[in-house]
4 protein chains.
Amino acid sequence: MYQDDNIYIPHMNVENLQVTTGVSAGSDDRRQDIVLAAFQLIASKGVEGLRTRDVAARAGMNIGTLYYYFSTKERLIQGVVDYIVQHIVVVQEPVSTVSVNTSVDVLHQHLANLTHKLIMTPEIFRVMGELLLRCERDQAIYPILKKTDDDWKQYLIDLLVEGIRQGYFRADLNPALTAHTIMSFFKGATLQLGMPHEELEQTVAQFERLLLA
Amino acid sequence: MYQDDNIYIPHMNVENLQVTTGVSAGSDDRRQDIVLAAFQLIASKGVEGLRTRDVAARAGMNIGTLYYYFSTKERLIQGVVDYIVQHIVVVQEPVSTVSVNTSVDVLHQHLANLTHKLIMTPEIFRVMGELLLRCERDQAIYPILKKTDDDWKQYLIDLLVEGIRQGYFRADLNPALTAHTIMSFFKGATLQLGMPHEELEQTVAQFERLLLA
Amino acid sequence: MYQDDNIYIPHMNVENLQVTTGVSAGSDDRRQDIVLAAFQLIASKGVEGLRTRDVAARAGMNIGTLYYYFSTKERLIQGVVDYIVQHIVVVQEPVSTVSVNTSVDVLHQHLANLTHKLIMTPEIFRVMGELLLRCERDQAIYPILKKTDDDWKQYLIDLLVEGIRQGYFRADLNPALTAHTIMSFFKGATLQLGMPHEELEQTVAQFERLLLA
Amino acid sequence: MYQDDNIYIPHMNVENLQVTTGVSAGSDDRRQDIVLAAFQLIASKGVEGLRTRDVAARAGMNIGTLYYYFSTKERLIQGVVDYIVQHIVVVQEPVSTVSVNTSVDVLHQHLANLTHKLIMTPEIFRVMGELLLRCERDQAIYPILKKTDDDWKQYLIDLLVEGIRQGYFRADLNPALTAHTIMSFFKGATLQLGMPHEELEQTVAQFERLLLA
DNA sequence: CATGAATGAGTTTTCATTCAT
DNA sequence: GATGAATGAAAACTCATTCAT
């Protein structure tokens, strides 16, 4: 009856938001329109200020149509979580020793990407912050964000372990704790008030230096 | 007419929440009851879930009475901001070279205090997170939180400058960037999902080590 | 355009629900599926809780298809009325003196049938109750139910007149009033709360005895 | 918070609808206004057609005020049930042998009262019918109506037992079954279509005669 | 100062119905 | 005939705020 019962939004990457494959593209497009509108509204007004009516209007459709795709506001927010998760998690290649790049380079690139996103599309991080706060009270989105967090953490740990093994990073680094430091830093960076872009970049750069052997 | 028009809540410290000075102590107590109730409700339900009616109920008073003390919900939230600001910012002594403690010790104590608070009273940080997200859209609370942030930053910078001068911290540390790192880290630590207490403490400890010369 | 505009559902009897005559039998089957689904839903949720969407789902078809067969919800309800009327009114043979059974036997059989139905398929009576209440406000179904009622009444009166004439029933019985008593009793029996089956049967039996000369 | 949590409507009798005692009369009046409006709307449009907005309008108040007194539509309907129960159940004196009236007279008076009500205020019975049908699906109102039914049944049984003992009623009458007959009859009488007043009275009169020894 | 009834605009959600494919 | 996405009016309910007592 409702479109949101067993259907997931197909893969969305930052690079190709418009690309959809398969037959039911129209239906998925509609869902995406809604999610994107909701995302933007959360970005500008917070979850607190999210109104289904506004979402429908911004998505250019009737409020009834929105509810045809998402049976409740809760579900819609979950849709936004799915969307965010796809956008914020850069698809990482598994770290391999035969990689052309050293793990230091890979980590650097990862942090640079995050920094760049934080500067260019702070909305994503703002919305992520909203959702992370919300997630303690929302049973539905907690596991999704937890999973994302865990994946991110593991990715960082793998990079750090490899970098330490290779002698690039300080030998006394605990990979898990360092991963935590990085993750907390980026989550909190969104909450820094009036921080200029360059300062953010420099801060990340300095932090990277602290990790080196 | 309303109690919140030109009057500031007197200083509240964690240690002496009941102490009020000056006249109309009862009135201030009432205000404080309300603010505390609002704080707790934000902690558990977010600003999104804050209802003036619930606040009044939790504060053990009539909704009408609440509106006698706070003319609008907005004002009430500002009251919570004031409350938070008092609680999160430990009143720091200016760092002096003749201090008994070295600045390394003072910074350590500062970070240990924050870590302890984060573990014992995570609500404060959660509410702070809510308010920091909100403050970009709320002209009234932005300056307050900005001021607090700036004070905190300056405090950290002073400590770091002194520590570097004394040769305890790495000479290549940029105090401002390091302050940013610390601040972002603590703001983001609230948003870490399922992080055990010891891991948080160890993470802070490792970070401190990275700063040492 | 719509199937319900000028076409009546062909006679449906309890015994041969699937039998349809004439052309477009498949079409009638579809209509019947819908009516049956609607009937069942009214039985369990009342007219108040009847949703066209649920009817379509239960009938195993698309909501659009339902509206192909019944242009409005009103028409659908009328379809249910027709269905009920067929089911509740057992087609009675005209009472004749040359009948093998005495009219006392026929009345007894009639009451026994009703009692049996009331016990085995109370839904029919519940739905009938719903519709009887509704029909005062619904111009479309009133005449149908009134006609059914009038037929039933006349059937009872004929039986009673004959039974009195034959000396089986009390001579002071007014047939019309007695018919009313019987009809009211059965309509109200549905509204009795927590009445055991045997008690219902005994009640009817006692009532029959009261009628005897 | 809501007025409907633990408060019952004070005694209402058909005779003195305006009489209220005690201090919070205004509040109770308001509740009564609402319940009465709801009752009237159910009488004319059925539970199916009941709209909280219409109730508020008819009660001459804001929709918000209605919800101040009744937290949900369900609760409001329960309020109507309470109201109905008070109105339909004539406060019966316990049947005593030393009573001036014989039990035959008392039963006669009871049936006459019911008949009179059915003629003068059929709405009450119509609404009662609505609620009795609803009550199978509504856990909240079932016990209330069941209790009322049980009380009514017991009252009838007591009268019948006494009447039989005194030799007024047929000795072969089973009091419980006879009570059932009476109750079903009156419940069903509401569902009789186009029955003239006199015919109803005569029907009841004839039924009474059937009971006599 | 305190109470709590009252307000009304706003919010989420529902549902009969339509229509292009 | 069948589908299901789309519509929009209307429904139940919420909640910050006011005000007479």
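The figures here come from the full heavy-atom set of this structure, side chains too, leaving out hydrogens, waters and symmetry mates.
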Query raised in the report: When you check the phosphate oxygens OP1 and OP2 of F/dT18, does a side-chain N or O of B/Y68 lie under 4.0 Å from one of them?
Result: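 No, no such contact exists.
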
Whole angstrom value for the distance that separates [atom2] of [N] from [atom1] of [X]:
X     : N      : atom1 : atom2 : result
C/D29 : F/dA2  : CG    : P     : 11 Å
C/L76 : E/dC15 : CG    : P     : 15 Å
C/L66 : E/dC15 : CG    : P     : 15 Å
A/R30 : F/dG4  : CZ    : P     : 17 Å
D/R75 : F/dA12 : CZ    : P     : 17 Å
A/I34 : F/dT7  : CD1   : P     : 11 Å
C/F70 : E/dA16 : CZ    : C1'   : 16 Å
B/E48 : E/dT11 : CD    : C1'   : 13 Å

Nucleotide N/O to protein N/O under 3.5 Å, stretch nucleotides 13-16 of chain F:
unit_1, atom_1, unit_2, atom_2, d
F/dC13, OP2, D/Y67, OH, 3.1
F/dC13, OP2, D/K73, N, 2.9
F/dT14, OP2, D/Y2, OH, 3.4
F/dC15, OP1, B/R51, NE, 2.5
F/dC15, OP1, B/R51, NH2, 3.0
F/dC15, O5', B/R51, NE, 3.1
F/dA16, OP1, B/L50, O, 3.4
F/dA16, OP1, B/K73, NZ, 3.1
F/dA16, OP2, B/T52, N, 3.1
F/dA16, OP2, B/T52, OG1, 2.8
F/dA16, N6, B/R53, NH2, 3.3

side-chain hydrogen bond (donor to acceptor under 3.5 Å, both in side chains) partners of [X], counting only residues at least two apart:
X      : result
C/R51  : none
C/E136 : none
D/R53  : none
A/D54  : none

Under 3.5 Å donor-acceptor pairs involving side-chain atoms of residues 35-46 of chain B, not counting sequence neighbours:
unit_1, atom_1, unit_2, atom_2, d
B/Q40, OE1, B/R58, NH1, 2.8
B/S44, OG, B/Q40, O, 3.4
B/S44, OG, B/L41, O, 3.4

Report task. Establish, for the pair C/R31 and C/F70, whether the NZ or CZ atom is under 6.0 angstrom from the six-membered ring centre and no further than 45 degrees off its axis. Result ->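 Yes, a cation-pi geometry holds between C/R31 and C/F70.
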
Query raised in the report: So what is the 5' to 3' dot-bracket string for DNA chain E, if pairs are Watson-Crick or G-U wobble with both distances under 3.5 Å, crossing pairs use [ ] and | means the partner sits on another strand?
Result: .||||||||||||||||||||

**Report entry** Listed partners of D/A140 passing side-chain contact (heavy atoms from CB on, under 4.5 Å), at least two apart
**Finding:**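 By the side-chain contact (heavy atoms from CB on, under 4.5 Å) rule, D/A140 matches D/Q78, D/D138.
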
Query raised in the report: Which residues pass the side-chain contact (heavy atoms from CB on, under 4.5 Å) test with A/I63, sequence neighbours left out?
Result: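 Expected list: A/T52, A/A56, A/Y67.
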
**Report entry** For A/E74, salt bridge (charged side-chain N to carboxylate O under 4.0 Å, His left out) partners two or more places apart
**Finding:**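 In terms of salt bridge (charged side-chain N to carboxylate O under 4.0 Å, His left out), with neighbours along the sequence ignored, A/E74 is linked to A/R134.
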
Requested in this report: Check salt bridge (charged side-chain N to carboxylate O under 4.0 Å, His left out) between B/D33 and all other residues, then give those that pass, not counting sequence neighbours.
Outcome: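 Counting only residues at least two positions away or on another chain, B/D33 forms no salt bridge (charged side-chain N to carboxylate O under 4.0 Å, His left out).
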
Query - C/V127 side chain near C/V47 side chain, heavy-atom distance below 4.5 Å - result: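 A side-chain contact is absent here, since even the closest heavy-atom pair is not under 4.5 Å.
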
Query - Nearest-neighbour nucleotide for the B/T65 side chain, E/dT7, E/dT3, F/dA2 considered - result: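 Minimum distance to the B/T65 side chain belongs to E/dT3.
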
Query raised in the report: Near DNA chain E, which residues from residues 129-136 of chain C have a heavy atom under 4.0 Å away?
Result: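 When residues 129-136 of chain C is checked for heavy atoms under 4.0 Å from DNA chain E, there are no hits whatsoever.
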
